[in-house]
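Below: the structure, in structure tokens.
The figures that follow rest on heavy atoms only: side chains count, while hydrogens, waters and symmetry mates do not. Throughout, protein chains are lettered first and strands after them, A, B, ... in sequence-line order, and every chain is numbered starting at 1.
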Amino acid sequence: MNVVTVQALVLRYLYLYTRTPIRLVELLFWPLVHLLVWGYLTEFLKSHTGDAFPYEITYLIGAVILWDILFRAQQGVAIFFLEDVWSRNLLNVFAAPVTNADYLAATYVVGFLRAAVTSTLLGVLSALLYSFNILQLNWGLLPSIFNLLVFGWGLGMISTALIVRWGPAAETLAWAVPFFIQPFSAVFYPVDTLGKLAWISKMLPCSYVFEGMRKTLKTGEVDWQSIGIATGLNCVLLALAGILFIRVMNVAREKALLTKFASQ
Amino acid sequence: MEPPVLRVSKLTKTFGEVNSVDGVSFAIKKGEILGLLGANGAGKTTAINMVLGIITPTAGRVEVFGEDLHASRVELLRRMNFCSTYTQLPGNLRVWQNLNVFGKLYRVRHLKERIDQVLEMLEISHLKNRVSGELSAGESTRLNLCKALLNKPNLLLLDEPTASLDPDIADKVRKVVRRSRDDEGSTILYTSHNMRDVEEVCDRVVFMHKGRILFVGTPGETLQHFKEESLEEVFIRVARSGEIESDKAGKEAGE
Ligand SMILES: Nc1ncnc2c1ncn2[C@@H]1O[C@H](COP(=O)(O)OP(=O)(O)OP(=O)(O)O)[C@@H](O)[C@H]1O
Ligand SMILES: [Mg+2]
């Protein structure tokens with residue numbers, strides 16, 4: 001991996017945002033809408049249940065913020081590739097001295113930047129509007145965020161692999177990947193709620209992060225065990241996603257998939 | 001002895017039933033401009049993409065500067081560049097932004113000066129701050145060429161660089177291509193359907209037909225071989241009757 005190459009790839013992405021600021025709307029709009037919906041729903045429930053209000057419900061706000069980190073990271077990785085498809089630039093990039101590692105690292109940086117922008121915004125707004133302080137998660141917050149980022153990257157690589165392999169027809173599928181796993185991610189409700197399907201949750205690193213988050217918000221203590229399991233699962237996932245990506249790129253070179261994209 | 005800048009040996013690419021490139025071998029000496037000619041579908045673009053490592057050959061070998069492309073692709077690509085009618089630079093970036101990104105990818109030294117220089121060479125300095133997607137087809141072809149020249153590549157691959165250019169600009173581009181060889185030491189593989197281009201620019205030509213090489217030689221030798229007045233006539237004859245004609249021409253030449 002080469003730092004200058006990664007910088008150049010990221011720079012191209014930053015130029016996009018500075019040149020067409022309207023793109024920021026996409027980055028900020030949906031997370032904002034989610035926060036408002038879940039935030040006001042929580043307020044409403046609170047005001048109607050009085051003291052009997054199950055406090056866990058306020059965790060929904062935290063869940064929205066954390067889920068968004070995962071989602072932005074996944075999208076950042078997938079969009080990075082799609083931008084080149086859309087602008088017929090794919091061959092220019094893949095005929096340039098760029099290794100798979102450079103390319104993936106650049107997609108991670110972009111995923112990270114996207115997640116950083118939205119989660120900061122959501123964190124501040126949730127504190128201002130709903131007095132929900134995401135920093136309550138204290139020292140558990142950093143590893144939780146990091147785990148969600150990594151999981152998002154992994155999903156992003158899988159999405160990209162799908163697009164490379166199956167062409168633009170798989171684009172919508174790639175957008176949907178995070179939503180396939182959302183029901184099993186324990187974002188808004190605990191794993192136990194899933195009953196017989198809980199085993200699916202147990203294979204997803206993000207479910208441990210969300211479970212851990214709820215525990216921390218309740219007890220004030222960081223759930224290092226959940227964080228540890230999530231980290232372990234993420235390592236496995238990232239390795240598998242990396243292997244998948246490299247395999248798909250090799251198939252793409254064999255079947256001339258990259259040149260097909262260029263002509264579409 | 002210095003190895004050829006590019007050598008392809010028995011290069012083959014098969015897509016299902018189709019042999020897009022079928023056992024093609026040729027080499028380009030340092031400082032040479034080689035024209036790769038042939039009708040639509042002859043396999044020129046596929047061959048170039050294999051030289052860039054974007055397509056993996058079914059069989060055969062690509063050596064650049066004497067090294068196996070497969071073994072040290074990224075190092076070799078740093079000394080190569082290409083321009084193709086089939087690609088564009090991102091339309092949503094400004095001209096200078098695009099060149100800046102690719103200049104960094106190719107590790108161009110004194111990048112700012114070099115960007116100004118290539119824009120000057122292709123006479124589009126006035127477009128530096130324009131959004132790439134707003135350029136006309138001919139202007140964006142020239143921007144593509146700027147990107148291809150940025151790193152003063154030792155091996156430059158040009159896939160129909162004059163398509164969509166008006167005669168005046170096409171003429172200028174031919175001069176730029178020669179200048180990049182004469183002044184910047186590039187060795188060039190060049191495809192074009194414009195025989196005027198080829199006559200003016202190429203030292204040697206390779207005629208391809210249905211994935212195979214029919215003939216290799218200087219433009220003069222080609223005319224002699226096919227007993228025609230111009231490359232255009234050779235091209236049309238080859239395209240219409242392919243191997244049969246070439247066999248005949250071969251026999252005649254052998255007599
Ligand atoms: N990805 C692919 N899958 C299947 N067939 C392909 C693919 N790419 C090229 N071909 C086939 O290979 C043959 C050679 O195509 P290629 O693009 O190399 O021709 P070319 O000489 O560049 O033609 P043109 O002058 O039209 O650009 C054609 O018959 C084409 O249909
Ligand atoms: Mg072609």
Determine the minimum heavy-atom distance between B/L105 and A/A96, stating which atoms define it. CD1-CB, 4.3 Å
Just so I understand: if I count every heavy-atom pair under 4.5 Å between each of A/S87, A/A252, A/P97 and chain B, which residue has the most? A/P97
Pairwise distance CD1(B/I54) to CG(A/L90) - rounded to 0.5 angstrom: 8.5 Å
Can you tell me how far OG1 of A/T5 sits from OH of B/Y106, rounded to the nearest 0.5 angstrom? 11.0 Å
Counting only heavy atoms closer than 4.5 Å, note whether B/R94 contacts chain A via side chain, backbone, both or neither. both
Scored by heavy-atom pairs under 4.5 Å with chain A, the best of B/E75, B/M80, B/K13 is B/K13
Among the options B/T46, B/N144, B/V74, B/T58, pick out the one with the most heavy-atom pairs lying under 4.5 Å from chain A. B/V74
A/R23, CZ: over 12 other non-hydrogen atoms inside 6.0 angstrom: yes
So CZ of A/R253 and CD1 of B/I55: to nearest 0.5 Å the spacing works out to 10.5 Å
Test item: side-chain donor near acceptor, B/R107 and A/N2, under 3.5 Å: yes
Applying side chain to side chain donor-acceptor pair (under 3.5 Å) to B/N100 and A/Y15, what does each step give before you reach the verdict? CA-CA 11 Å; B/N100 200 30; A/Y15 280 150; 2.8 Å; yes
If you count heavy atoms of other groups shown closer than 6.0 angstrom to CZ of B/R7, is the number above 12? no
Over 12 non-hydrogen atoms of neighbours within 6.0 angstrom of OH in A/Y17: yes
If I take atom CG from residue A/L91 and atom SG from residue B/C83, how far apart are they, to the nearest 0.5 angstrom? 12.0 Å
In terms of heavy-atom contacts, does CZ of A/F94 have more than 12 from other residues, nucleotides or ligands at under 6.0 Å? yes
If I compare all heavy atoms of B/Y86 with all of A/R88, which pair ends up nearest, and what's the gap? O-NH2, 3.0 Å
Identify which part of A/R12 has an atom lying under 4.5 Å from any heavy atom of chain B, answering side chain, backbone, both or neither. both
Given a strict heavy-atom distance threshold of 4.5 Å, which part of A/E83 is in contact with chain B: side chain, backbone, both, or neither? side chain
Is it the case that over 12 heavy atoms from other parts of the model lie below 6.0 angstrom from the CD1 atom of A/I22? no
Count the heavy atoms belonging to other residues, nucleotides or ligands that lie under 6.0 Å from NE2 of B/H126, then report whether that count exceeds 12. yes
Counting C-beta onward and ignoring hydrogens, is there a side-chain heavy-atom pair between B/V131 and A/R19 closer than 4.5 Å? yes
Please lay out, stage by stage, how B/F102 and A/N89 fare under the test side-chain contact (heavy atoms from CB on, under 4.5 Å). CA-CA 11 Å; B/F102 279 94; A/N89 184 40; 3.5 Å; yes
Distance-only criterion, 3.5 Å: show the donor-acceptor pairs between side-chain atoms of residues 167-185 of chain A and protein atoms not counting sequence neighbours.
from	atom 1	to	atom 2	distance (Å)
A/E171	OE2	A/W86	NE1	3.3
A/S185	OG	A/I181	O	2.7

For B/T14, is it the side chain, the backbone, both or neither that has a heavy atom under 4.5 Å from a heavy atom of chain A? neither
Contact leader toward chain B among A/N250, A/D84, A/L11, A/D102, where contacts are heavy-atom pairs under 4.5 Å: A/L11
What's the separation between atom NZ in B/K104 and atom CG in A/L9, rounded to the nearest 0.5 Å? 12.0 Å
Side chain, backbone, both or neither: which part of B/N92 has an atom under 4.5 Å from a heavy atom of chain A? both
In this structure, CG of B/N98 is separated from CG of A/N92 (nearest 0.5 Å) by 9.0 Å
